[in-house]
There are 2 protein chains.
Amino acid sequence: MPADALVNGSFSRSIDSRDRGLAYGDGLFETIKINAGHPEFLSLHLRRLQWGCARLGIDCDVSVIESDIEKILPVASTQAAVLKIIITRESGGRGYQPDANAGFNRILRVEGLTSDYAVEASQGVAVRLCDTRLGINPQLAGIKHLSRLENVLARAEWRDKAITEGLMFDSDGRLVEGTMSNVFIVKDKVLLTPRLHRCGVNGVIRQLLIEQLAPSLKLSCDTADVVLEDIYQAEEVFICNSLMGIVPVVTIGCHTKTIGDITRSLQQSLQAVRNSHA
Amino acid sequence: MPADALVNGSFSRSIDSRDRGLAYGDGLFETIKINAGHPEFLSLHLRRLQWGCARLGIDCDVSVIESDIEKILPVASTQAAVLKIIITRESGGRGYQPDANAGFNRILRVEGLTSDYAVEASQGVAVRLCDTRLGINPQLAGIKHLSRLENVLARAEWRDKAITEGLMFDSDGRLVEGTMSNVFIVKDKVLLTPRLHRCGVNGVIRQLLIEQLAPSLKLSCDTADVVLEDIYQAEEVFICNSLMGIVPVVTIGCHTKTIGDITRSLQQSLQAVRNSHA
């Protein structure tokens with residue numbers, strides 16, 4: 001079944017080739033899991049979208065996106081699906097300079113979910129270390145923007161299906177994230193995740209872990225500078241995103257980890273929150 | 001008059017909203033000046049495009065782009081115009097991973113040239129120093145790729161029309177380029193331009209200056225690490241790109257420069273090359 005898409009409120013699969021999202025990566029996106037017709041953690045996704053638009057100076061009205069979501073949701077599968085929302089800065093002539101009165105374009109698309117990561121969440125996954133580094137730019141840090149060529153090159157480093165994710169470091173050698181996920185480690189019973197003030201995407205499940213899941217379990221959770229040695233010394237390592245949830249890491253290159261109690265508790269805690277919203 | 005565009009060989013102004021150029025900035029572009037129906041320095045532009053595609057692992061056939069150019073050129077104004085070519089990696093499902101068998105999409109567009117920079121080239125321009133920094137990523141350095149949000153944010157820093165360009169530094173404080181141009185300085189009679197092995201775009205006029213114009217004038221031309229102090233101490237400063245040619249810089253913030261002989265000689269040399277191709 002082909003994907004269904006909405007462009008600026010109308011059902012369409014095409015966009016104007018002058019879109020600044022295409023020309024300059026001048027926009028941002030969200031990837032939202034739809035579970036039985038219900039978009040999971042929608043308010044967190046829309047909060048991040050609004051925050052990212054404000055950071056990039058894109059004049060975005062979230063209520064318009066909410067209307068779009070209502071319009072496109074009925075075409076989603078009754079099973080698990082994915083809603084992708086792309087927001088781009090409206091074009092106003094040639095060149096990098098944004099038009100002072102530019103509005104925003106919105107592109108929504110619903111697709112089937114090819115994997116619900118149930119096996120991965122249960123058994124854990126293997127990850128590798130990527131050679132591709134993330135450039136440091138505090139102005140873009142945290143935002144799920146469209147200029148993602150670094151992630152593409154990192155993900156192009158391997159084709160071995162046994163490896164689920166690659167860990168990415170910044171140009172100074174600090175751990176930042178996976179190509180498509182955030183990373184947490186447990187070290188001395190404390191939950192740690194890389195600070196994202198230099199680069200990286202502040203994922204919705206990462207936010208939920210810090211703000212809600214860890215506190216509910218009375219777990220200390222800190223953001224910190226994390227280097228490779230910390231990962232190797234960690235008792236537990238997991239990755240997370242909106243589609244996979246929380247997934248334990250059992251292999252990092254040639255190092256192995258066991259799946260620990262804290263990861264399992266956080267998985268249960270996430271599932272409980274999901275059920276309470278369903 | 002609206003712009004005319006060719007998408008994968010057919011006249012169209014729309015592209016598939018699933019394009020990876022939109023989704024991830026996964027592609028590259030060229031901006032080519034058309035002078036009386038003739039695309040200037042086309043072989044240099046196509047050489048850079050091919051080199052960039054190879055660097056990004058995009059399987060691109062330049063002869064197809066050459067056919068596209070032949071097809072779209074007749075719609076260009078008989079006066080000065082701009083040809084923009086965008087190449088994106090063909091999509092193959094969801095996620096960052098490129099499809100192993102992905103081809104490429106090509107989007108060509110012809111637009112009128114709003115300024116030929118004749119006054120600027122003659123009288124010189126004012127530039128400012130941008131706060132927005134360029135992240136360091138050697139894998140992307142030199143390539144005119146589509147993940148250009150840093151340039152957008154830098155160009156959004158000012159609206160004063162008296163300022164033509166903003167100089168950008170990398171996250172370690174070295175001069176890299178202007179938001180839309182390359183930068184050269186003359187220091188102790190030697191022509192210098194920032195090395196672009198960490199970030200930045202290796203412009204076609206920059207390449208022409210290094211490979212042809214400077215040697216033809218028996219000028220030493222080096223690539224070097226350049227910092228702010230070098231710019232202030234320089235005898236001459238100029239910026240260049242395919243549309244503006246070589247444009248002297250007479251004001252940098254509150255510093256002023258005079259337009260020097262070397263800049264004038266290089267401008268004449270560029271004009272001679274242009275005339276010989278016309």
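Just so it is clear, the model here is predicted, and its values are computed rather than measured. Quick note on labels: first sequence line is chain A, next is B, and so on, each numbered from 1. When reading the values below, keep in mind they use all heavy atoms of this one structure, side chains included, and skip hydrogens, waters and symmetry mates.
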Item to complete: Please name the pair of heavy atoms, one in B:Pro98 and one in A:Arg159, separated by the smallest distance, quoted to 0.1 Å.
Response: O-NH2, 2.7 Å
Could you tell me which of [options] has the largest number of non-hydrogen atom pairs under 4.5 Å with chain A?
options                              : result
B:Ala100, B:Ala156, B:Ser12          : B:Ala100
B:Leu56, B:Asp170, B:Ile86, B:Thr114 : B:Leu56
B:Lys84, B:His145, B:Arg148          : B:Arg148
B:Thr132, B:Asp172, B:Asp131         : B:Thr132

For the atom pair [atom1] ([X]) and [atom2] ([Y]), what is the distance rounded to the nearest 0.5 Å?
X        : Y        : atom1 : atom2 : result
B:Leu146 : A:Leu146 : CG    : CG    : 11.0 Å
B:Tyr24  : A:Leu149 : OH    : CG    : 12.0 Å
B:Gln97  : A:Lys161 : CD    : NZ    : 6.5 Å

Worksheet item: Run the side-chain contact (heavy atoms from CB on, under 4.5 Å) check on A:Leu22 and B:Thr88 step by step: do they pass?
Response: CA-CA 9 Å; A:Leu22 172 69; B:Thr88 67; 3.9 Å; yes
Per-residue contact mode, [X] against chain A (heavy atom under 4.5 angstrom):
X        : answer
B:Ala154 : neither
B:Arg89  : side chain
B:Ile107 : side chain
B:Asp99  : backbone
B:Asn151 : both

Item to complete: Would you mind telling me which of A:Glu150, A:Arg198, A:Met180, A:Gln139 has the largest number of heavy-atom pairs within less than 4.5 Å of chain B?
Response: A:Gln139
Practice prompt. Just give me the residue among A:Thr31, A:Val7, A:Leu140, A:Val82 that pairs up with chain B most often, heavy atom to heavy atom, under 4.5 Å.
Written response: A:Leu140
Discussion item. Test your reading of the model: is there a side-chain donor-acceptor pair from B:Arg109 to the backbone of A:Ser17, 3.5 Å cut-off?
Written reply: yes
Worksheet item: Short question: side chain of B:Ser14, backbone of A:Ser14 - any donor-acceptor pair under 3.5 Å?
Response: no
Worksheet item: Do B:Leu153 and A:Asn137 come close enough that some side-chain heavy atom pair is under 4.5 Å?
Response: no
Practice prompt. Examine whether an atom of A:Asp16 lies under 4.5 Å from a heavy atom of chain B, and if so say whether it belongs to the side chain, the backbone or both; otherwise answer neither.
Written response: both
Practice prompt. Side chain from CB out, backbone as N, CA, C, O: work out which of these in A:Ile143 comes under 4.5 Å of a heavy atom of chain B, or both, or neither.
Written response: neither
Discussion item. Please evaluate residues B:Ile15 and A:Ile15 with respect to the criterion side-chain contact (heavy atoms from CB on, under 4.5 Å), reporting the C-alpha separation (whole Å), side-chain torsions for both, the decisive distance (0.1 Å), and the verdict.
Written reply: CA-CA 5 Å; B:Ile15 62 158; A:Ile15 61 157; 3.5 Å; yes
